[in-house]
Trainee: 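Quick one: structure below, then a few questions.
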Amino acid sequence: MNILFRGGRVFTPEGVLAEAVLVRDGVIAAVGAEGDLAGPAHETVDLDGGLLTPGFTDAHLHPVQAGLERAKCDLSEVFGVAAYLEKIADYAARNPGKEWIDGGGWDMSAFPGGLPHRDLLDFLDRPAYLIQRDHHAAWVNTRALERAGITAATPDPADGRIERDADGTPTGVLHEGAMDLVGLLTPRPTAQDLQDALADAQRHLFSLGITGWQDAIVGSYAGSDDQLPTYVAAARSGWLRARVVGALWWDRTRGLDQLGDLLERRASAEGLDRFRATSVKIMQDGITENFTAATLEPYCLCGGTGLSYVDPAKLKEYVAELDRHGFQVHFHAIGERAVREVLDSLEGTDPANRHHIAHLQIIEPSDVPRFAALGVTANLQPLWATHHAQMDELTLPYLGEPRSSWQYPFADLLAHGTRCCAGSDWPVSSADPLQGMHVAVNRTEPGSSVHAGYPTAQTPFLPGQRIDLAAVMTAYTAGSAWINRSPAGVIERGRPADLVVLDRDPFELPPGEIWTTRVRMTFVDGEPVYERP
């Protein structure tokens, strides 16, 4: 089938220069002026003044977990204690036969001091396990603590913390590795549940123009089950249409003894068209809001310098061995010490393996030039770089200056020649790339509330770190596709026709209106996989 996309503009590697694209048999055949490409044997897609872009690739998200949460008690679309409790009570009433009330999506900034309490959930007649929006904590009730045998005498695990009242009684918030103390007791999803979750996630991502992604944790973590069999089955059956790379989870309780397991897991996906398990995810620290992000100097007001989940000396050994076996390493690093430890571990590795570091909330300025020098890609989550409540109330007071000014330094990274990709961390935050692009350009919240009821701040956050729309759109397309070794991500002759039709041209909008852009149609290999009703 031949398709001519016409009537708008086209985002190419050289900028928004072309006005039409011809697709033959799922491949881009020509890019150029509309008059040069028009012909009688074409089906026509009228861009109607909008913009044609490559399909977006999300370089860091958790779609199976997102799909599962959307099918459970999903708090991600509301905000505030009253709204959460109403949603939880309604879910419990509609699901009287469920043994547990589980789900997630609550935001720390909705609670005084950032922490809910078990007694808010003790109206339930069942144990509850609700994962925080950032997936770095869980909120449970007294029944769940009792089911797990967690008391004032229970020690904190090495990689987590049990939040406690003044007398030592657990409050009902479990941070990081402590989540598993309850999470692993919740009912396990069936293989069909996992397939349904992935299918729901793929539909949602297609509706946002996302035609490929890197699943940032493929393995058992924070009470979730291993998704590798789900992806392999979906790819073998043919209904996984997106181009996906899985980042195999590095078990931080083990060392190089797990290398053989990782090699076997990678081999289990070899030969599949739409899924490869060629990356390994190492989470080096936590998050700033619960003081587990690894910092060089103590947090203000509360002290402590966070957690390095993998000993830095051993990290370098592990990374060298993964690199030698051809794995890409996908790091989580939030605090400036974690970023430095990860960069140190990448000294001497092969840039051809396309290692990347996600989140990068705080980077000590002397470490910024090291990304380009080492050939390390910066994996940006732009949507977080604003004056949202979690930033202003739970982060800035504890970071202090100058550390607060080192956050999300997108412009500095680009100025030093750093290669960038981009992602969302969905379901931690919205998967919509256009909302992320808006924030990268403006450093303010999108004009629409991404989650109903969330306060939206319009004071730019560190405005000197703004980047232009072409740069961030390139990160979401060519940059993230490059990380995945995907042949898509660029509109040029010979590439797969993974394409997105936007309802308007964001390059012609005032920067403050980028967020108003929506996806009209999404194509994979020249076939429509989403059309807005």
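Hydrogens, waters and symmetry mates play no part in the numbers below; they use all other heavy atoms, side chains included. Along the sequence shown, the residues carry numbers beginning at 1.
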Trainee: Taking the inter-plane angle between the rings of H359 and H332 on a 0 to 90° scale, is it parallel (under 30°), tilted (30 to 60°) or perpendicular (over 60°)?
Mentor: perpendicular
Trainee: Do W139 and Y84 have ring centres separated by under 6.0 Å?
Mentor: no
Trainee: Dump the intermediate steps for salt bridge (charged side-chain N to carboxylate O under 4.0 Å, His left out) on D525 and R243, then the final yes or no.
Mentor: CA-CA 11 Å; D525 290 326; R243 304 177 197 276; 2.7 Å; yes
Trainee: Which pair of heavy atoms, one from L17 and one from E14, lies closest together, and at what distance?
Mentor: CD1-CB, 3.4 Å
Trainee: Rounded to the nearest 0.5 Å, what separates atom CD in E69 from atom CH2 in W426?
Mentor: 9.5 Å
Trainee: L434 and L502: side chain to side chain contact (heavy atoms under 4.5 Å, CB included), yes or no, with the steps?
Mentor: CA-CA 10 Å; L434 292 159; L502 302 181; 3.9 Å; yes
Trainee: Please step through salt bridge (charged side-chain N to carboxylate O under 4.0 Å, His left out) for the pair D200 and K72, ending with a clear verdict.
Mentor: CA-CA 13 Å; D200 175 61; K72 297 180 182 178; over 6 Å; no
Trainee: Give a yes-or-no answer on whether the side chains of D134 and Q390 include a donor-acceptor pair shorter than 3.5 Å.
Mentor: yes
Trainee: Give the minimum heavy-atom separation between G526 and I3, together with the two atoms involved.
Mentor: O-CD1, 3.3 Å
Trainee: Measure from NZ or CZ of R133 to the centre of the six-membered ring of F79 and say whether it is under 6.0 Å with the direction within 45° of the ring axis.
Mentor: no
Trainee: Here's a test for you: under side-chain contact (heavy atoms from CB on, under 4.5 Å), which of V342, I357, V329 qualifies with V376?
Mentor: I357
Trainee: For the backbone of G49 and the side chain of R504, can you confirm whether one donor and one acceptor N or O come within less than 3.5 Å of each other?
Mentor: no
Trainee: Do the side chains of Q361 and T395 get nearer than 4.5 Å, heavy atoms only?
Mentor: yes
Trainee: Counting neighbours of CZ on R485 that are heavy atoms of other residues, nucleotides or ligands and sit closer than 6.0 Å, is the number greater than 12?
Mentor: yes
Trainee: If I compare all heavy atoms of V500 with all of P54, which pair ends up nearest, and what's the gap?
Mentor: CG2-O, 3.9 Å
Trainee: If you round to the nearest 0.5 Å, how far is CG of L61 from CG of D215?
Mentor: 6.5 Å
Trainee: Could you check if a side-chain atom of I362 sits within less than 4.5 angstrom of a side-chain atom of V339, using non-hydrogen atoms only?
Mentor: no
Trainee: Hey, does the side chain of T418 reach the backbone of L413 with a donor-acceptor pair shorter than 3.5 angstrom?
Mentor: yes
Trainee: Taking the six-membered ring for Trp, is the centroid-to-centroid distance between F523 and F5 below 6.0 Å?
Mentor: yes
Trainee: Could you measure the distance from the CH2 atom of W406 to the CD1 atom of I363? Nearest 0.5 Å is fine.
Mentor: 11.5 Å
Trainee: Does any part of the side chain of K281, heavy atoms only, come nearer than 4.5 Å to the side chain of H60, both counted from C-beta?
Mentor: yes
Trainee: Among V472, V439, V441, find the residue that satisfies the side-chain contact (heavy atoms from CB on, under 4.5 Å) test when tested with I514.
Mentor: V441
Trainee: Would you say H388's side chain and W384's backbone share a donor-acceptor pair under 3.5 angstrom?
Mentor: yes
Trainee: Check whether the side chains of T444 and N442 place a donor and an acceptor atom closer than 3.5 Å, and report yes or no.
Mentor: no
Trainee: Pair V490, T477 - check side chain to side chain contact (heavy atoms under 4.5 Å, CB included), show working.
Mentor: CA-CA 7 Å; V490 176; T477 54; over 6 Å; no
Trainee: Would you check if the side chain of Q465 reaches a backbone N or O of D412 as a donor-acceptor pair within less than 3.5 Å?
Mentor: yes
Trainee: I'd like to know if the side chain of N353 and the backbone of H355 have a donor-acceptor N/O pair within less than 3.5 Å.
Mentor: no
Trainee: Return the NE2 to OG1 distance between H330 and T278, rounded to the nearest 0.5 Å.
Mentor: 12.0 Å
Trainee: Is the closest side-chain donor-acceptor distance between D392 and H387 under 3.5 Å?
Mentor: yes
Trainee: For S480 and A475, indicate whether the former's side chain and the latter's backbone hold a donor-acceptor pair under 3.5 Å.
Mentor: yes
Trainee: When you measure from the side chain of S404 to the backbone of G400, do you find a donor-acceptor pair of N or O atoms at a distance under 3.5 Å?
Mentor: yes
Trainee: Going by distance alone, is a donor N or O of one side chain under 3.5 Å from an acceptor N or O of the other, for E393 and S109?
Mentor: no
Trainee: If I compare all heavy atoms of S207 with all of H204, which pair ends up nearest, and what's the gap?
Mentor: OG-O, 2.5 Å
Trainee: Would a 4.5 Å heavy-atom cut-off, applied to side chains only, mark P433 and D58 as touching?
Mentor: no
Trainee: Would you say the side chains of H356 and Q328 form a donor-acceptor pair under 3.5 Å?
Mentor: yes
Trainee: Return the minimal non-hydrogen interatomic distance between P487 and P496, and the atom names on each side.
Mentor: O-CD, 3.3 Å
Trainee: Is V428 close to Q381 at the side-chain level, that is, under 4.5 Å between some pair of heavy atoms?
Mentor: no
Trainee: Do the non-hydrogen side-chain atoms of D225 and P189 ever get within less than 4.5 Å of each other?
Mentor: yes
Trainee: May I ask you to check whether W249 and Y221 place their ring centers less than 6.0 Å from one another?
Mentor: yes
Trainee: Could you tell me the separation between the CE atom of M437 and the CE atom of M473, rounded to the nearest 0.5 Å?
Mentor: 4.5 Å
Trainee: In terms of side-chain geometry, is the basic nitrogen of D503 or R532 positioned less than 4.0 Å from the acidic oxygen of its partner?
Mentor: yes
Trainee: Could you check whether any side-chain N or O of R354 sits under 3.5 Å from a backbone N or O of W482, counting only pairs where one atom can act as donor and the other as acceptor?
Mentor: yes
Trainee: Roughly how far, to the nearest 0.5 Å, is CH2 of W239 from CD of Q202?
Mentor: 6.0 Å
Trainee: Any cation-pi pair here, R266 with F327, using under 6.0 Å and within 45°?
Mentor: yes
Trainee: For V501 and Y530: C-alpha separation, side-chain torsions, deciding distance, then whether side chain to side chain contact (heavy atoms under 4.5 Å, CB included) applies.
Mentor: CA-CA 10 Å; V501 178; Y530 169 76; over 6 Å; no
Trainee: Would you say the side chains of S279 and Q214 form a donor-acceptor pair under 3.5 Å?
Mentor: yes
Trainee: Judged by atom type as modelled, is there a donor-acceptor pair below 3.5 Å linking the side chain of R274 to the main-chain atoms of R241?
Mentor: yes
Trainee: Let me see the working for N484 and T57 under side chain to side chain contact (heavy atoms under 4.5 Å, CB included), right down to the final yes or no.
Mentor: CA-CA 9 Å; N484 269 10; T57 298; 4.0 Å; yes
Trainee: According to the interplanar angle, ranging from 0 to 90°, do the rings of F56 and Y476 count as parallel (below 30°), tilted (30 to 60°) or perpendicular (above 60°)?
Mentor: perpendicular
Trainee: Would you call T288 and Y398 a side-chain contact if the rule is heavy atoms closer than 4.5 Å?
Mentor: no
Trainee: Tell me whether D498 contacts the main-chain N or O of A488 through its side chain, where contact means a donor paired with an acceptor under 3.5 Å.
Mentor: no
Trainee: Heavy atoms, side chains only, cut-off 4.5 Å: are L360 and P409 in contact?
Mentor: no
Trainee: Do you know the tightest heavy-atom contact between L37 and H42?
Mentor: O-CE1, 3.0 Å
